[in-house]
Amino acid sequence: MLVDCARRAVADGAADVEEQADRHAAAFAASLVGDVINATGVLLHTNLGRAPVPMVSSGRPTNLEFDTVTGTRGSRHAAVSSLLSVLTGAEAAVVVNNNAAAVMLVLAALAHGRDVAVSRGESVEIGGGFRIPDVMEQSGARLVDVGTTNRTGAADYAKAIASPRNDIALVMRVHPSNFSVEGFVSSAPLRELAGLGVPVVADIGSGLLDSTCPWLHGRTDGVPAFLRNEPAVRQSLEDGAAIVTFSGDKLLGGPQCGIIAGRADLVATCASHPLMRALRPGGHTLQLLQAALLSFAARTACDDIAFWRMLALDAGVVRDRAEAVVSAAGAGSVVPVSALVGAGSAPGAVLPSFAVAVDGDVSARLRACALPVVARVDRGVTLLDLRTVDPADDAAVVAALASL
Ligand SMILES: *Cc1c(COP(=O)(O)O)cnc(C)c1O
């Protein structure tokens, strides 16, 4: 790599050829995947890897597909499946690489060569090229548009199911995660769709396990208002969804993965589809997901899961930390700001927070620190929101500010 940097510096024809080679080497070093400090105030920042999770592995082999009781082959999905059953009421669950893969697998396994009814208001793009009509086409299922962009009722789905021109295998609900529409709009309640005689797949996206958030009880002032508009796994299943698909690294706060939960027979059909072999996650992902699910079960999610820790943090505590950072660094001032959930979850929802404000745009210099600090710049002021910074990294933020 260094020889390559030197050659490129020579080819550049720069007068300061050694410094130029250093710059190429530094640019390569900065391109390596590594730690940063998220001071953006966006809790789930897709560019910063969404939910932060620690790497935990002894480095030993694991019983990933081995039953230590019988000494025979086991299933890599068994443990998370039983945890998800307890946490959400799902009969069974399987895990794939991300939620895009979960949706693709569900459609391929349950509707290949058949029709899937989707409301015109839910034929959405989630971001990063994930568009419902395109995923549908790739899965081999056919999209049947029902209703209108702003209003779709249960009768619209019923009409599509009854039509002799269609062969509807599934009704699919897609949560329009990253936008909201206001005005003359309505969609059919899940409960009504569940009565139409066709399995309903609900792609809820962000993966709130239970809308009552039992792991928050006694921790904060109850369930934050912005979570009330988020669909949840347990309640979607209670309302009659046969399958729910969701991400592991959004509101669940775990590693990148996608989860298919619901009726045991349908989950088994997904699990035995040839695509499953291509989409299955590695052992580290399953161990991290298992750790997150155990924390929800033990109701210690607000201590153990970084995302829920950041979310449950009292704004006054964030302000005290910001004040301590300002006085230790001898730079900046404390200002109130609004943090965001991010990752397309709870669009428009804000959490009260506090930031260290520094005049001018110093974001590039903060990113150039050994442990890069990613801040945001608003109207010529650099803001470091401490809600998304691990308190253990406050000292690194102080050092970064002092270095300015
Ligand atoms: C985020 C999201 C996806 C994609 O999930 P990834 O885990 O990012 O692949 C799919 N559907 C919905 C509704 C989403 O919100």
Side-chain angles (χ1 to χ4, degrees), residues 42-53 80 84 93-108 110-111 116 118-139 141 143 152 170-181 187 190 193 200-209 211 226-227 229-233 235-237 241 243-262 270 275-276 278-282 285-286 288-289 292-293 307 340-349:
V42 180
L43 275 63
L44 300 170
H45 199 301
T46 300
N47 299 161
L48 305 181
R50 286 197 189 152
V53 283
V80 290
L84 280 162
V94 286
V95 184
V96 290
N97 269 320
N98 50 38
N99 190 34
V103 173
M104 170 76 101
L105 178 57
V106 165
L107 293 173
L110 305 179
V116 179
V118 180
S119 163
R120 287 191 168 83
E122 297 175 6
S123 215
V124 300
E125 172 174 329
I126 301 297
F130 182 87
R131 303 175 120 193
I132 292 300
D134 298 344
V135 174
M136 195 74 73
E137 192 177 321
Q138 289 301 319
S139 73
L143 173 66
T152 303
L170 300 171
V171 163
M172 186 170 168
R173 285 299 292 272
V174 185
H175 182 54
S177 308
N178 48 9
F179 69 98
S180 57
V181 185
S187 59
L190 196 52
L193 300 187
V200 179
V201 171
D203 177 23
I204 67 166
S206 62
L208 182 64
L209 291 178
S211 63
F226 66 85
L227 286 181
N229 298 324
E230 279 292 314
V233 183
Q235 284 70 24
S236 297
L237 292 169
I243 288 286
V244 179
T245 56
F246 53 101
S247 301
D249 56 350
K250 292 183 182 173
L251 296 185
L252 203 152
Q256 180 195 303
C257 62
I259 298 161
I260 299 169
C270 293
L275 263 182
M276 181 71 214
L279 301 177
R280 72 183 190 186
T285 299
L286 286 165
L288 291 169
L289 176 62
L293 296 176
F307 167 71
L340 301 171
V341 177
S345 308

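Quick caveat, the model's predicted, so the values are computed rather than measured. Order of listing sets the numbers, starting from 1, for every ligand and every atom in it.
- Counting only non-hydrogen atoms, the option in Val96, Asn97, Asn99 that gets closest to atom 3 (C) of ligand 1 is Asn99.
- Here the heavy atom of the protein found nearest to atom 9 (O) of ligand 1 is Ala100 N, 2.9 Å.
- Proximity of Arg173 to Ser187: side-chain heavy atoms (C-beta onward) are separated by under 4.5 Å at one or more points.
- No heavy atom of Val103 sits closer than 4.0 Å to any atom of ligand 1.
- Taking every non-hydrogen atom of Phe130 and a distance limit under 4.0 Å, the qualifying atoms of ligand 1 come out as 10 (C), 11 (N).
- Heavy atoms of Glu122 come nearer than 4.0 angstrom to ligand 1 in no pair at all.
- In this structure, Val103 and Met172 have side chains that are in contact, with non-hydrogen atoms separated by less than 4.5 Å.
- The closest side-chain heavy-atom distance from Val181 to Pro176 is not below 4.5 Å.
- Ranking protein heavy atoms by distance to atom 1 (C) of ligand 1, first place goes to Lys250 NZ, 1.4 Å.
- Not a single heavy atom of Gln256 sits under 4.0 Å from any atom of ligand 1.
- Counting only heavy atoms of the protein, atom 8 (O) of ligand 1 lies nearest to Arg50 NH2, 2.8 Å.
- Under the side chain to side chain donor-acceptor pair (under 3.5 Å) rule, Glu230 has a single partner from Ser177, Ser211, Ser206, which is Ser206.
- Ranked by closest heavy atom to atom 15 (O) of ligand 1, the top entry among Ser177, Cys257, Ala202 is Ser177.
- Paired with Leu84 under the rule side-chain contact (heavy atoms from CB on, under 4.5 Å), one option of Val233, Val244, Ile259 passes, and it is Ile259.
- Atom CZ of Arg120 is surrounded by more than 12 heavy atoms from other residues, nucleotides or ligands within 6.0 Å.
- The side-chain contact (heavy atoms from CB on, under 4.5 Å) test applied to Ser139 returns Met104, Leu107, Ala108, Ala141, not counting sequence neighbours.
- When each atom of ligand 1 is checked for a heavy atom of Gly205 under 4.0 Å away, the hits are 12 (C), 13 (C), 14 (C), 15 (O).
- Those atoms of ligand 1 with a heavy atom of His175 less than 4.0 angstrom away are 13 (C).
- Scanning all heavy atoms of the two residues, the minimum distance from Val116 to Ala111 falls at CG2-CB, 3.5 Å.
- Among all protein heavy atoms, the one lying closest to atom 7 (O) of ligand 1 is Ser247 OG, 2.8 Å.
- Identified under the side chain to side chain donor-acceptor pair (under 3.5 Å) test for residues 93-103, with sequence neighbours left out: Asn99-Asp203.
- Among all non-hydrogen protein atoms, the one lying nearest atom 11 (N) of ligand 1 is Asp203 OD2, 2.6 Å.
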